[in-house]
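Values in this document were obtained by computation on a predicted structure and should not be read as measured data. Note that ligands are numbered from 1 as they come in the structure, with each ligand's atoms numbered from 1 the same way.
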Amino acid sequence: MKKYNVAILGATGAVGEVMRKVLEERNFPINNIKFLASARSAGKKIQFCGEEYTVEEVKPESFEGVDIALFSAGGSTSKQWAPIAVEKGAVVVDNSSAWRMDENVPLVVPEVNPEDVKWHKGIIANPNCSTIQMVVALYPIHKEKKIKRVIVSTYQAVSGAGARAIKDLEEETKARLEGRFYTPEALPNHIAFNVVPHIDVFLDNLHTKEEMKMVNETRKIMHAPDIKVSPTCVRVPVFNGHSENVVIETEKPITVEEAREILRNAPGVIVEDDPFNKVYPMPIDVDGKDDVFVGRIKKDLAFDNGISMWVVADNLRKGAATNAVQIAELLIKYELV
Ligand code: NAP
Ligand code: 3JN
């Protein structure tokens, strides 16, 4: 089997760390791997497949001979380095929002639009974590019943905001329990024992950028330019695992039993729905898992053809690292690298 030269840019971050684990677990066919970050982390030691590697500062030469470059180092870093990596011959799978809405860049969730990787021109974008888990659950229903409208409220874990935000929740929880005051460094407001309706920056339409990602990315991934999405994104004091309540209105009538059956047969979805026996997905249980979990499937009481469901996934895995590695696997499957 052919093996590939891989680079991870952002290897020291929250997503980068999980990316390493996922590559190991899935036995990704690696010939050579390098771990890249900024000058801040250059020289740090990292373990991978039982061996020690040294983190390198990203430089143009870093991408020489690289087949697949997995980026998770933020939008501006990606804007700067993705064209250089492509010029050196790598295919970039980018986790940031920098390229997602570029019409020359496929935005891919393997369970939904795997074929879109085929028209890549060097960069493939990985969607936002809240979008990924939502479309994995929406798309199989859309294919059969055509979704007209989606109303979604998210309950997002701090890990989505990076390693410093994880520390914020730890430190502020300890501080409050000890009667001390703590000002979060990476989050826009107090997070311990709180709920914050603010993720990413506010825009002129009074939605946040995170919310508009869910609107625009859903349309692009599902090839459904007319689908209407009404999102509210909220940060909750959970370390890992995003939850979403998703209400849909379909064009064709849909029953709870039909929705459950469609989702039971959908790739990447696990239905956990027995509420009378306290069976429903929760972030604490999906931590470390790669699927999207759906429960609380019920007839929505506000729409005629309406279904409401509760969708939970590990945001660092399916929402970021796993989806990116699955895209890299598609590149290999379709012989695009
Ligand atoms: P993080 O924990 O803060 O880690 C950031 C990583 O990027 C670190 O490895 C950091 O290296 C590196 N980095 C930052 N600036 C750099 C620069 N100028 N040059 C080279 N490397 C640089 O953040 P994270 O949670 O892992 O997220 C990283 C990015 O992934 C986010 O900014 C976002 O774009 C994307 N992301 C996407 C999703 C998604 O929804 N798909 C979810 C989370 C994150 P140092 O150690 O040297 O600082
Ligand atoms: O906050 C979350 O739960 C998800 C955050 C994702 C994120 C964080 C910083 C920058 C993104 C993203 O993937 O959309 C970005 C970005 O815009 O690249």
Side-chain angles (χ1 to χ4, degrees), residues 7-20 34-46 55-60 62-63 69-82 84-85 93-101 107-109 124-135 154-169 185-188 191 196-201 208-214 216-217 221 231 233-236 238-244 283 313-327:
I8 300 184
L9 176 58
T12 52
V15 176
E17 191 185 327
V18 179
M19 206 106 89
R20 277 186 269 145
K34 53 177 84 169
F35 298 104
L36 308 171
S38 77
R40 287 181 294 273
S41 294
K44 245 187 168 173
K45 303 293 179 198
I46 272 185
V55 176
E56 299 168 38
E57 179 184 357
V58 61
K59 302 219 161 83
S62 310
F63 299 102
L70 301 169
F71 277 33
S72 64
S76 55
T77 309
S78 178
K79 277 275 180 206
Q80 179 184 356
W81 290 101
I84 295 170
V93 181
D94 181 45
N95 257 290
S96 81
S97 58
W99 307 96
R100 288 180 192 149
M101 296 314 296
L107 180 64
V108 175
V109 175
I124 299 168
N126 199 61
N128 173 268
C129 42
S130 301
T131 311
I132 293 177
Q133 69 183 69
M134 182 171 77
V135 297
T154 71
Y155 304 68
Q156 295 181 224
V158 294
S159 61
R164 288 170 53 240
I166 298 172
K167 186 172 155 271
D168 276 342
L169 177 57
E185 289 170 14
L187 293 167
I191 187 63
V196 184
H198 177 180
I199 299 182
D200 210 333
V201 295
T208 62
K209 217 170 147 190
E210 181 82 354
E211 289 160 355
M212 293 315 294
K213 288 171 193 171
M214 293 191 80
N216 298 321
E217 294 178 18
I221 299 160
C233 291
V234 179
R235 186 78 65 200
V236 293
V238 165
F239 280 109
N240 193 40
H242 286 1
S243 308
E244 299 176 346
D314 183 328
N315 51 294
L316 292 181
R317 281 188 168 251
K318 185 55 193 165
T322 301
N323 200 72
V325 173
Q326 284 176 309
I327 292 172

Fill in the blank from the handout: Taking only non-hydrogen atoms of Arg100 and a 4.0 Å limit, the atoms of ligand 2 in range are 12 (C), 13 (O), 14 (O)

Practice task
Give the residue, atom name and distance (to 0.1 Å) of the protein heavy atom nearest atom 44 (C) of ligand 1.
Solution key: Val15 CG2, 3.6 Å

Exercise for the section: Check whether any side-chain heavy atom of Ile132 lies under 4.5 Å from a side-chain heavy atom of Asn126, and answer yes or no. Expected result: yes

Exercise for the section: Quick one: do Phe71 and Ser96 satisfy side-chain contact (heavy atoms from CB on, under 4.5 Å)? Show the steps, please. Expected result: CA-CA 8 Å; Phe71 277 33; Ser96 81; over 6 Å; no

Exercise for the section: Considering only non-hydrogen protein atoms, determine which one is nearest to atom 5 (C) of ligand 2 and report residue, atom name and distance to 0.1 Å. Expected result: Gly160 O, 3.2 Å

Handout entry: Proximity of Thr12 to ligand 1 by residue part, where a heavy atom lies under 4.0 Å
Key = both

Exercise for the section: Kindly state if atom 9 (C) of ligand 2 has a protein heavy atom within a strict 4.0 Å cut-off, that is, under 4.0 Å? Expected result: no

Exercise for the section: Give the contacting part of Pro127 toward ligand 1: side chain, backbone, both or neither, where contact means a heavy-atom distance below 4.0 Å. Expected result: backbone

Fill in the blank from the handout: In ligand 1, the atoms that come under 4.0 Å of a heavy atom of Ser41 are 45 (P), 46 (O), 47 (O)

Exercise for the section: Select one of side chain, backbone, both or neither to describe which atoms of Ser130 lie under 4.0 Å from any atom of ligand 2, heavy atoms only. Expected result: neither

Practice task
Quick one: look up the protein heavy atom nearest atom 23 (O) of ligand 1 and list residue, atom name and how far away it is.
Solution key: Gly162 CA, 4.0 Å

Practice task
Give a yes/no on ligand 2: does His242 have at least one heavy atom closer than 4.0 angstrom to it?
Solution key: yes

Practice task
First locate atom CG of Leu9, then atom CG of Asp94, and finally report the distance between them rounded to the nearest 0.5 Å.
Solution key: 9.0 Å

Handout entry: Spacing of CG belonging to Asn216 relative to NZ belonging to Lys209, to within rounding of 0.5 Å
Key = 11.5 Å

Problem - Distance filter under 4.0 Å to Ile199 heavy atoms, resulting ligand 2 atoms - result: 1 (O)

Exercise for the section: Would you mind listing which atoms of ligand 2 come within a distance below 4.0 Å of any non-hydrogen atom of Ser97? Expected result: 16 (C), 17 (O), 18 (O)

Fill in the blank from the handout: In terms of heavy-atom contacts, Ser130 and Glu210 come closest through OG-OE2, 3.6 Å

Practice task
Number the atoms of ligand 1 from 1 as they appear, then name those within less than 4.0 Å of a heavy atom of Asn126, with their elements.
Solution key: 41 (N)

Problem - Residue portion contacting ligand 1 (non-hydrogen atoms closer than 4.0 Å) for Val55 - result: neither

Problem - Heavy-atom side-chain contact between Val196 and Leu187 under 4.5 Å - result: no

Problem - Straight-line distance of Gln133 CD to Glu244 CD, nearest 0.5 Å - result: 4.0 Å

Exercise for the section: Take Val15 and Leu316 through the side-chain contact (heavy atoms from CB on, under 4.5 Å) test and state the conclusion after the steps. Expected result: CA-CA 6 Å; Val15 176; Leu316 292 181; 4.0 Å; yes

Exercise for the section: Specify the protein heavy atom at minimum distance from atom 16 (C) of ligand 1: its residue, its atom name, and the distance to 0.1 Å. Expected result: Thr77 OG1, 3.6 Å

Problem - For atom 15 (N) of ligand 1, the protein heavy atom that lies nearest, with its residue and separation - result: Arg40 NH2, 3.4 Å

Completion exercise
ligand 1 to Gly319, heavy atom cutoff 4.0 Å, flagged ligand atoms 39 (C), 40 (O), 41 (N)

Problem - Residue, atom name and distance, where the atom is the protein heavy atom closest to atom 13 (N) of ligand 1 - result: Ala73 CB, 3.9 Å

Practice task
Please write down residue, atom name and distance for the protein heavy atom closest to atom 1 (O) of ligand 2.
Solution key: Arg235 NH2, 2.7 Å

Exercise for the section: Work out whether the distance between some heavy atom of Asn315 and some atom of ligand 2 is less than 4.0 Å. Expected result: no

Exercise for the section: Answer side chain, backbone, both or neither: which part of Glu217 comes under 4.0 Å from ligand 2, heavy atoms only. Expected result: neither

Exercise for the section: Using modelled atom types only, decide if a donor and an acceptor are shared between the side chain of Asp168 and the backbone of Glu185 within a distance under 3.5 Å. Expected result: yes

Practice task
Answer yes or no: does an N/O atom from Cys129 fall short of 3.5 Å to an N/O atom of ligand 1?
Solution key: yes

Completion exercise
Candidates Ala324, Ser72, Ser97, Gly75; heavy atom nearest atom 6 (C) of ligand 1 found on Ser72

Handout entry: Main-chain N/O of Ala313 paired with His242 side-chain donor or acceptor, under 3.5 Å
Key = no

Handout entry: Per-atom contacts of ligand 2 with Glu210, taking only distances under 4.0 Å to non-hydrogen atoms
Key = 2 (C), 4 (C)

Handout entry: Subset of ligand 2 atoms that lie under 4.0 Å from at least one heavy atom of Lys213
Key = 11 (C), 12 (C), 14 (O), 15 (C), 16 (C), 17 (O)

Exercise for the section: Could you tell me whether some N/O pair between Gly13 and ligand 1 is separated by less than 3.5 angstrom? Expected result: yes

Practice task
Tell me, please: is Gly74 in heavy-atom contact with ligand 2, that is, under 4.0 Å?
Solution key: no

Exercise for the section: If you have a sec, work out which protein heavy atom is nearest atom 21 (N) of ligand 1 and how many Å separate them, to one decimal? Expected result: Ser38 N, 3.3 Å

Exercise for the section: Determine, step by step, whether Met214 and Glu211 satisfy the side-chain contact (heavy atoms from CB on, under 4.5 Å) criterion, reporting the C-alpha distance in whole Å, the side-chain angles of both residues, the deciding distance to 0.1 Å, and the verdict. Expected result: CA-CA 5 Å; Met214 293 191 80; Glu211 289 160 355; 5.8 Å; no

Problem - Asn128 and Arg100, any side-chain heavy atoms less than 4.5 Å apart - result: yes

Practice task
Please report the closest heavy-atom contact between Ala14 and Ala163, naming both atoms and the distance.
Solution key: CB-N, 3.9 Å

Practice task
Please could you name the atoms of ligand 2 that Gln156 approaches to less than 4.0 Å, counting only its heavy atoms?
Solution key: 1 (O), 2 (C), 3 (O)

Problem - Donor-acceptor under 3.5 Å (Thr208 side chain, Ile199 main chain) - result: yes

Exercise for the section: Please answer whether the main-chain N or O of Val108 pairs with a side-chain N or O of Asn323 as donor and acceptor at a distance below 3.5 Å. Expected result: yes

Exercise for the section: Check whether any side-chain N or O of Thr131 sits under 3.5 Å from a backbone N or O of Pro127 as a donor-acceptor pair, and report yes or no. Expected result: no

Problem - Residue pair Asn240 / Ser159, side-chain donor-acceptor N/O under 3.5 Å - result: yes

Handout entry: Ligand-side contact atoms (ligand 2) for residue partner Ser96, heavy atom cut-off under 4.0 Å
Key = 18 (O)

Exercise for the section: Enter the distance from Arg317:CZ to Cys129:SG here, rounded to the nearest 0.5 Å. Expected result: 15.0 Å

Practice task
Indicate yes or no: does an N/O atom of Ile132 lie under 3.5 Å from an N/O atom of ligand 1?
Solution key: no

Exercise for the section: Pull out every atom of ligand 1 sitting under 4.0 Å from any heavy atom of Ala163, numbered as shown with elements. Expected result: 2 (O)

Practice task
Do me a favour and list the nearest non-hydrogen protein atom to atom 35 (C) of ligand 1 with residue, atom name and distance?
Solution key: Asn95 O, 3.6 Å

Fill in the blank from the handout: Gly160 heavy atoms within 4.0 Å reach ligand 1 at atoms 43 (C)

Completion exercise
closest protein heavy atom to atom 32 (O) of ligand 1 is Gly74 CA, 3.1 Å

Handout entry: Contact check, side chains of Met101 and Lys213, non-hydrogen atoms, under 4.5 Å
Key = no

Fill in the blank from the handout: One should read off an interatomic distance between Arg235 CZ and Thr154 OG1, to the nearest 0.5 angstrom, of 8.0 Å

Practice task
Heavy-atom contacts with Gly10 under 4.0 Å: which atoms of ligand 1 show up? List them by number with element.
Solution key: 6 (C), 7 (O), 9 (O), 12 (C)

Exercise for the section: Without swapping roles, check the side chain of Ser41 against the backbone of Ser38 for a donor-acceptor pair under 3.5 Å. Expected result: no

Handout entry: Which of the ligand 2 atoms, numbered from 1, are nearer than 4.0 Å to a heavy atom of Asn95
Key = 13 (O)

